[in-house]
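Proteins get letters first, then strands, A, B, ... in listed order; numbering begins at 1 in each. Because only heavy atoms are used, hydrogens play no part in the values below, and waters and symmetry mates are left out as well, while side chains stay in.
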Amino acid sequence: MTEFQNNKRILIFSDQSYLLQANEKVRELTEEGYQCEVVSMPVSSNKAEQLLAQQPLGSLVWIYSEEDSAQAIEYAARNAGFSKNEIWINKSSEQNTRIFCSQCHHINEISSAEMFECERCHIKLDPSNHYSIYHKS
Amino acid sequence: MSVKAEQFPFPFTEDRYAYSNNSSLQKPARSVTMTDRYLEEIQLKRELLQANHQRCFRSLPLSLESQWEAMRRIFNELAENEPEHFSFEKRGNEYRFQNLLLGEEERFKYRDLSSIERQPLDIAGRHVQEDLIIMGDRHDGLFLEAGQLCFPSNWSLTFVLGMDFKSIHTPVPGITHKDFIGKVERFISRIRQNEAWERKNWSMTISNKLDTPLETYANWGKLRLQVTDENVGELVHLRVEVQRLLRLPLTNDILFTIHTYLLSLNDLIRNDLWLKRLYTTIQFLSDDIAEYKGIALYKNELMQFLEKTLSEKGISL
């Protein structure tokens, strides 16, 4: 029989640099009645997929990691059937904005949203608010 | 690459512009059609695919099942509706599609990737004038999961790959007002298996260029600055996309096809009703929509041209 958890369980992936932050969050969440499990990264994709597949329906996935590793876990979670609303990724400690170049597809990391030159094709770009969750830019 | 006026799907049924889901159910359900520009457009498509494959074809691995289904569906349609030009035979799991216009054939074993050299949607798209998009219907919405896109109107397939339906339409002014885009997505999600719906979308473009991707905006966008009172009728084209949405019955995903037509203003104004409707539509267009449709930079020249033509023809509004 399928057991619905009503969003009370959270599987948290965290790499070493975010572990303190993740553990602090776990304490807060536990007080609010959530069941949290922290998985220390790096973790193999097989292991991640196995853990994700074991989660009961209604569980959430939180990821504390830098961009590339976070994306790998996010893909694994999506493949395991988690929706985008059930996956949360912490923002990078850096405040840079990722801007997709409409001409050459290079993703530029810039600190302001003003017009700038693409570092690869050198076309002038005027950033818009059109955002791709897939490209994170 | 303009089409003959007789084949042009003029989009305006009223004298004013308003957002609407102007979709109509197609009976029989069709996802692709042919015009007399077939050979020229297929040649252009293949040149674009050869030169810019990464720009014109993109897919996510999870789209493969739908790509197979879409390819089989399209080849079936072509053979059934244009039997003098195409044939499609099945023997066990092996298929043979023949394109007699091009003197080509495609052989494949269904769902066997080792039997084909390109992905299925990339094969099917090379035999039809339409751009082809697969929208995956997931439990949390529609997502663009594959596409062969050679003739886009100022958008990038690479950028929107993997994007959800609402996010794709973010640049359209006012699209979220009264949750319009949410209603359109719900409408699409309710399309039944094997049903096809058709709508027309329009914009304006300079020259008869079909391929206006976001990636080459720097080349074609500046043409808008070249419109003058003297050349507006020749340069400015009404661009209409006949968009069809078909529910694939096996995967439950959506095959979205876009057939693009261009007609110069000089050809369009030969039809008095079209002239009148275009004029009134442009007249009442809001500034943000005019900007989005690429008209703002030459709207004055356009309006003067249409007014002068109406006056010369003695047409009252």
Side-chain angles (χ1 to χ4, degrees), chain A residues 2 4 7 45 49 52-53 55 57-61 67-68 70-89 97-108 113 115-118 120-137, chain B residues 52-65 135-147 149 152-176 181 185 211-222 288 291-292:
Chain A
T2 305
F4 288 87
N7 288 356
S45 56
E49 284 165 14
L52 288 160
Q55 301 308 306
L57 285 173
S59 300
L60 303 175
V61 175
E67 195 63 42
D68 290 347
Q71 198 167 45
I73 298 294
E74 187 191 7
Y75 284 163
R78 294 284 286 174
N79 283 333
F82 287 83
S83 73
K84 66 176 188 289
N85 295 328
E86 292 165 338
I87 304 168
W88 177 85
I89 304 173
T97 306
R98 289 161 54 88
I99 306 291
F100 183 93
C101 176
S102 56
Q103 181 167 277
C104 73
H105 303 161
H106 177 67
I107 293 175
N108 298 265
M115 191 175 273
F116 70 102
E117 196 176 88
C118 172
R120 186 158 83 183
C121 71
H122 304 296
I123 193 173
K124 284 202 171 164
L125 295 171
D126 188 7
S128 77
N129 65 350
H130 198 191
Y131 183 75
S132 161
I133 290 174
Y134 183 77
H135 294 292
K136 301 198 183 310
S137 59
Chain B
N52 313 283
H53 192 255
Q54 284 281 304
R55 187 181 86 205
C56 299
F57 181 78
R58 290 279 176 163
S59 70
L60 298 180
L62 80 169
S63 68
L64 271 173
E65 285 293 318
M135 297 294 297
D137 196 339
R138 308 290 161 231
H139 75 278
D140 50 347
L142 296 164
F143 293 82
L144 195 153
E145 294 179 348
L149 182 77
S153 176
N154 199 16
W155 59 289
S156 163
L157 179 62
T158 302
F159 182 62
V160 301
L161 182 70
M163 197 181 277
D164 63 278
F165 186 79
K166 283 180 185 154
S167 297
I168 289 170
H169 293 87
T170 301
V172 185
I175 198 75
T176 54
I181 193 63
E185 185 173 25
D211 53 312
T212 51
L214 189 56
E215 286 85 347
T216 61
Y217 178 82
N219 299 333
W220 56 264
K222 60 190 177 193
D288 55 354
E291 177 74 34
Y292 174 69

Novice: Between Phe159(B) and His135(A), how do the two ring planes meet: parallel, tilted or perpendicular, split at 30° and 60°?
Specialist: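 Ring orientation, 0 to 90° scale: parallel.
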Novice: Find the distance between CG (Leu157(B)) and NE2 (His105(A)) and round it off to the nearest 0.5 Å.
Specialist: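 Result: 8.5 Å between the selected atoms.
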Novice: Can you tell which part of His130(A) gets under 4.5 Å to a heavy atom of chain B, answering side chain, backbone, both or neither?
Specialist: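 For His130(A), backbone and side chain are both near chain B.
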Novice: Given the options Asp164(B), Leu62(B), Ile168(B), which has more heavy-atom pairs under 4.5 Å with chain A than any of the others?
Specialist: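 Most pairs with chain A among the choices: Ile168(B).
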Novice: Hey, what do you get for CG (Leu161(B)) to OH (Tyr134(A)), rounding to the nearest 0.5 Å?
Specialist: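 Going from CG on Leu161(B) over to OH on Tyr134(A), the span is 5.0 Å.
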Novice: Is it the backbone or the side chain of Leu60(B) that comes under 4.5 Å from a heavy atom of chain A, or both, or neither?
Specialist: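 Just its side chain gets close to chain A.
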Novice: Roughly how far, to the nearest 0.5 Å, is the SG atom of Cys101(A) from the CD atom of Glu215(B)?
Specialist: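 Result: 9.0 Å between the selected atoms.
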Novice: What pair of heavy atoms forms the shortest contact from Tyr131(A) to Met163(B), and how long is it?
Specialist: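 Reported closest heavy-atom pair: O-CE, 3.6 Å.
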Novice: Heavy-atom cut-off 4.5 Å, strictly under: side chain, backbone, both or neither for Tyr217(B) against chain A?
Specialist: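 Answer is neither: Tyr217(B) stays 4.5 Å or more from chain A.
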Novice: Shortest non-hydrogen contact from Gln103(A) to Ala218(B)?
Specialist: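 That closest heavy-atom pairing would be OE1-CB, 4.1 Å.
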Novice: Of the backbone (N, CA, C, O) and the side chain (C-beta and beyond), which part of Ser128(A) lies under 4.5 Å from a heavy atom of chain B, both, or neither?
Specialist: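 No part of it gets close to chain B.
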Novice: Who pairs with Lys136(A) by salt bridge (Lys or Arg N to Asp or Glu O under 4.0 Å), at least two apart in sequence or on another chain?
Specialist: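 With neighbours one apart ignored, the set is Glu74(A).
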Novice: Please classify the contact between Lys84(A) and chain B as side chain, backbone, both or neither, with a heavy-atom cut-off of under 4.5 Å.
Specialist: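 Both backbone and side chain of Lys84(A) come within 4.5 Å of chain B.
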Novice: Can you tell which part of Ser167(B) gets under 4.5 Å to a heavy atom of chain A, answering side chain, backbone, both or neither?
Specialist: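 Both backbone and side chain.
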